[in-house]
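Below is one structure; the comments refer to it alone.
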There are 2 protein chains.
Amino acid sequence: MMKDEVVTTMSNRYQAEVGKSRPTMRHVAALAGVGIKTVSRVMNNEPGVSEATRLRVVGASQQLNYQLDMAAGSLRRSGRQTLSVGLLLPSVSNPFSSEIHRAMEDALSVRGIAVFAASLDDDPEREKALVAAFLGRRVDGLVLTPIARSQAYVIPEHSRDLPTVFIDREPVGVEADAVVTDNAAGAAKAAAHLISRGHRKLAYLGDRTDIQTARERRRGFLESLAAAGIATSAVPIREGLHDEESARQATRGLLGSDDPPTAIFSSQNLVTFGAMRGLKELNANKRIALVGFDDFALADMMDPGITVVAQHPERIGKLAAERILARIDGDQSAPQTYVVPSELIVRGSGELAPPGLPAPHL
Amino acid sequence: MMKDEVVTTMSNRYQAEVGKSRPTMRHVAALAGVGIKTVSRVMNNEPGVSEATRLRVVGASQQLNYQLDMAAGSLRRSGRQTLSVGLLLPSVSNPFSSEIHRAMEDALSVRGIAVFAASLDDDPEREKALVAAFLGRRVDGLVLTPIARSQAYVIPEHSRDLPTVFIDREPVGVEADAVVTDNAAGAAKAAAHLISRGHRKLAYLGDRTDIQTARERRRGFLESLAAAGIATSAVPIREGLHDEESARQATRGLLGSDDPPTAIFSSQNLVTFGAMRGLKELNANKRIALVGFDDFALADMMDPGITVVAQHPERIGKLAAERILARIDGDQSAPQTYVVPSELIVRGSGELAPPGLPAPHL
DNA sequence: ATGATGGCTGACAACGTTGTCATGACTACA
DNA sequence: TGTAGTCATGACAACGTTGTCAGCCATCAT
C-alpha cells in the first residue's frame with residue numbers, strides 16, 4: 001500500500017545519512033512512515049496519537065538516535081521559552097558565587113532549565129557584554145550580580161518582560177527583584193559582638209568602596225560603634241583591599257601603628273584571609289580579636305577558630321531561582337528586595353578579650 | 001522619495017510594538033528603510049554595505065534595541081555553531097570543579113563561546129539526562145566528568161563529530177580526548193615522600209572505589225610502598241569515604257587500632273579534611289604525618305601546614321578548552337589522553353618524623 | 001440510511017535568520 | 001557609445017520545529 005512505498009523511498013533518501021548529519025523529524029517521520037507533525041506530537045508527549053503509531057515513532061527515533069532541537073522549537077513558538085537562564089557572577093570559582101550557582105541549578109533543573117554561568121571579574125564592560133551575550137541566546141531570565149554603577153542598560157529588556165533578578169547587590173537605575181544579604185545588619189552584629197566583649201579600639205578592613213555591599217558593611221559597622229558611644233572618627237578604616245596580600249599588609253600596618261586596635265573586623269573573605277595571615281605573622285592571632293564577614297571552609301580549624309558573620313549563599317540562590325521562576329510563570333507583582341539574614345558564628349577569634357580584661361567564658 | 005515612504009509605512013506597522021515583543025530584523029530593516037538582508041550584513045559585519053547604509057542600520061538597531069537572535073541564525077546555517085558548550089562537573093560548587101570551570105570559561109569566552117555548566121552529584125542517571133539536555137540545546141562541544149561505568153551512550157553523538165573531551169577521569173567505551181591528572185604518579189609521590197621521611201607504617205584513606213581516580217590513587221600509593229619493600233598486605237586501607245565525617249571516623253579508628261600508622265595518605269579533599277579533624281581531636285596532628293591529595297585554601301595556615309599533592313585544575317580546564325576548540329576547528333587527529341602532572345607541596349604535616357627518628361630539618 | 005461526532009493524522013505556514021542569486025547602478029576602458 | 005566589470009542591494013528559500021486547520025475514517029444515535 002501507499003504508506004510502505006513512501007517509507008521505502010524516504011528511508012532511502014534520509015536513512016543513508018545516518019551517522020553523518022544529525023537526524024531531523026523528517027528522518028524519523030520517514031522511517032516510521034508517518035507525517036512529521038505526528039513525530040512532533042510524540043516527542044512532545046501530546047495527546048491524540050494512537051498507541052500503535054506512538055510506538056512506531058518512538059522506535060524510529062531511538063533507532064536514529066533522534067534528539068529534539070530545542071532551538072528550532074522555541075523559534076517556532078516564538079516568544080516562548082528556551083529553558084535557559086543566564087547567571088552572572090563575580091567569578092564562577094569564587095566559593096560564595098559557586099554556592100549560589102549550585103543552589104540555583106538545583107532549583108531550576110527540576111523544571112528542565114539550564115544555566116549559562118559567566119564570570120564578571122569586577123569589570124563593568126564585561127557586565128554589559130555578557131548580558132548582551134545572554135540576550136542573544138534568548139535566555140528566559142537573567143540573574144545578575146551587578147558591578148557597573150548603574151544597571152539601566154537592562155531596562156529595555158526588563159521592560160520587555162524579561163525576568164530579571166539581582167543578587168548580592170541591589171540594582172541602580174532599574175526596578176527589579178533583588179536578593180541580598182543584610183550587609184549592614186551583619187556588620188553591625190559583628191561590631192556589637194566585639195564591643196560586648198569589651199573592645200573599644202576596633203579597626204575596619206574593607207573591600208573596594210565602589211562595591212555596594214562593601215559600603216553597606218562599613219556603614220553597619222560604624223553605626224554600631226556610634227550606637228555604643230565610640231567615636232567613629234578615630235576608628236582606623238582601611239579600604240580598597242581586594243585580595244589577601246593587601247589585607248595582610250594593612251593588618252600589619254594597623255598593628256604597627258601608635259595606637260593599635262584590639263579587635264579587627266574584616267569585611268570579606270579574602271580580606272579575612274589576609275588579616276589572619278598578618279596576625280599570625282606578628283604572633284597576634286591569639287591576642288587580637290577578629291571577626292570576618294563571610295564564612296569559609298575550615299574556619300573552625302584555625303587557631304583560634306575564626307568567628308564570622310556567615311552569609312547563606314544557598315538560600316540566596318534558592319530564593320533567586322524561585323523569583324525567576326515566579327516571574328517566568330507570569331508573576332506581575334511589584335519588584336521587591338528580599339533580604340537573607342546573616343548569622344554570627346562564634347568560633348573563638350571574635351571572643352578574645354582586650355588586654356586588661358579577664359578571659360571570657362562562653 | 002520612495003524610500004521615505006517605505007520607512008514611514010513600515011515604521012508605523014512595526015515600531016508601534018516597541019517595548020512589547022522583541023524586535024526582529026524586519027523591524028530594523030523597516031525603520032532603516034533597507035532590506036532585511038542588509039541588516040543581516042551589518043549585524044554580522046559582512047562587507048559590501050556602503051557606509052551610509054551601515055550607519056542608518058546601526059542607528060535603527062540601537063533605537064530599537066535590537067539583538068541578533070543566535071538561535072535563529074544557527075538554525076539557518078544548519079550544521080553550524082551555537083557558540084555554546086556543555087560542561088558536566090561533579091558539582092559546580094566543588095572548588096576543584098569550579099576552578100576548571102573558570103579556566104574553561106576564560107579560554108572559551110575569547111571566542112564568544114558560552115558555557116552551560118551542570119552538576120552530576122555522582123549520579124549516572126543524571127549524567128545521561130544532562131548530556132541529553134545539552135544535545136537538545138545543540139551545543140558545539142561536550143566536556144564531561146564521567147561517572148557512569150561506561151560512556152558508550154555518547155558514541156552516537158561523538159561519531160557525528162560532536163567534539164567531546166573528558167576531564168579528570170578517562171572514558172570507558174568511547175574513543176575521545178581526555179585530560180587527567182597523573183593520579184597514580186601523584187599518589188606514589190606522596191607515599192615516597194612519607195617513606196623518605198622514615199615512615200614504614202602508612203595508612204590509606206580513600207574515596208569510593210567506583211570512582212576511577214580513587215582506584216588509580218590507591219594503585220599508585222600501593223605500588224610506591226611495594227617499591228620501597230613495604231608489605232602492602234599489612235597496610236590499612238580504608239575506602240568508600242566520601243565525606244568529612246566518614247573520613248574523621250576512619251582516622252580515629254586507625255589511630256585507635258592495635259598497631260596505629262605513623263603516617264596517613266588521604267586521597268581526596270574532603271577525606272583530608274576529615275583526617276585533619278580526626279587527628280586534631282586526638283591531639284595527634286603534630287605527631288602523625290599527613291599528606292593529602294588535592295590542594296585547598298588555607299592549607300598553609302593549619303597547624304602544622306598540610307602537605308599535599310596538588311592538582312592543577314586551571315591547567316586541566318585550559319587544556320580541555322584548547323582541545324574542544326581544536327576539535328571544533330576541525331582537528332581530526334586521533335583522540336589522545338593528556339596528563340597534567342600533579343605537584344607535591346611541602347608544608348609541614350608530611351614532614352613529621354615517625355617516633356624514634358630525629359625531627360627532620362628541611 | 002443519514003448525519004453527527006470524535007479520534008487520528010498530515011499539509012502548510014510561520015518563527016528569525018542567512019546563503020544564493022539576480023538586479024540595477026555605476027565605473028572603466030576600448 | 002558599447003561592454004565588461006564592480007559594487008550595493010534585496011527577493012527568496014531554507015534551516016527544524018510547532019500551531020492551525022482540514023480531511024479521513026469509524027462509531028453512534030436517529
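Each chain gets a letter, A, B and so on, in the order its sequence line appears, and its residues count up from 1.
- Using a 4.0 Å heavy-atom criterion, one finds that B:S74 contacts no nucleic acid atom at all.
- A side-chain N or O of B:S333 and one of B:D331 form a donor-acceptor pair less than 3.5 Å apart.
- Between B:S50 and B:L75, it is B:S50 whose nearest contact on DNA chain D lies nearer the 5' terminus.
- Overall bending of the helix from C:dA1-D:dT30 to C:dA30-D:dT1, expressed as the angle between end axes built from five pairs apiece, is 50° (10° steps).
- Side-chain atoms of A:T337 and A:E170 form a donor-acceptor pair, as typed in the model, at a separation below 3.5 Å.
- Distances from the side chain of B:R76 to the nucleotides C:dT9, D:dT9, C:dT18 place C:dT18 closest.
- If you take CZ of B:R26 and P of C:dA14, they are 10 Å apart, rounded to a whole angstrom.
- Rounded to whole angstrom, the span from the CE atom of A:M25 across to the P atom of C:dA14 amounts to 20 Å.
- Here D:dA11 presents its P atom at 10 Å from CD1 of B:I36, a figure rounded to the nearest Å.
- Judged by distance alone, the side chains of B:D140 and B:T82 do bring a donor and an acceptor atom under 3.5 Å apart.
- Position along DNA chain C of the nearest nucleotide to A:P47 versus B:N44 favours A:P47 as the more 5'-ward residue.
- Residue B:E175 qualifies as open at atom CD: its count of foreign heavy atoms under 6.0 Å is 12 or below.
- Distance, B:M70 CE to C:dT18 P: 10 Å, rounded to whole Å.
- Judged by distance alone, with hydrogens and angles left aside, A:R41 brings a side-chain donor or acceptor within reach of the base of C:dG10, the pair sitting under 3.5 Å.
- Of the two residues contacting DNA chain C, namely B:K37 and B:A71, the nearest-nucleotide position lying further toward the 5' end is that of B:A71.
- B:S74 places a side-chain N or O within donor-acceptor distance of the main-chain N or O of B:M70, the cut-off being under 3.5 Å.
- No donor-acceptor pair under 3.5 Å is formed between the side chain of B:E99 and the backbone N or O of B:E314.
- Contact check, B:T53 against D:dA8: no side-chain N or O comes under 4.0 Å of OP1 or OP2.
- Side-chain proximity of B:L68 to the nucleotides D:dT9, D:dT18, C:dT17 is greatest for C:dT17.
- Distance, B:E46 CD to D:dT9 P: 13 Å, rounded to whole Å.
- Side chains of A:S84 and A:R137: a donor-acceptor N/O pair is absent below 3.5 angstrom, by distance only.
- Contact annotation: B:S40 side-chain N/O to C:dT17 OP1/OP2 distance is not under 4.0 Å.
- Taking atom NE2 of B:H27 as the reference point, atom C1' of C:dG16 lies 11 Å away to the nearest angstrom.
- Side-chain proximity of A:R77 to the nucleotides D:dT18, D:dT17, C:dG16 is greatest for D:dT18.
- Remark: C1' of D:dG16 and CG of B:D69 are 14 Å apart, rounded to the nearest angstrom.
- Note on B:E51: nothing from the nucleic acid sits closer than 4.0 angstrom, heavy atoms only.
- Within 4.0 Å of B:G73, counting heavy atoms only, lie sugar-phosphate atoms of the nucleic acid but no base atom.
- A donor-acceptor contact closer than 3.5 angstrom links the side chains of B:T24 and B:H27.
- Comparing B:V39 and A:Y66 against DNA chain D, the residue whose closest nucleotide sits nearer the 5' end is B:V39.
- One atom, CZ of B:R54, and another, P of D:dG10, lie 16 Å apart when rounded to the nearest Å.
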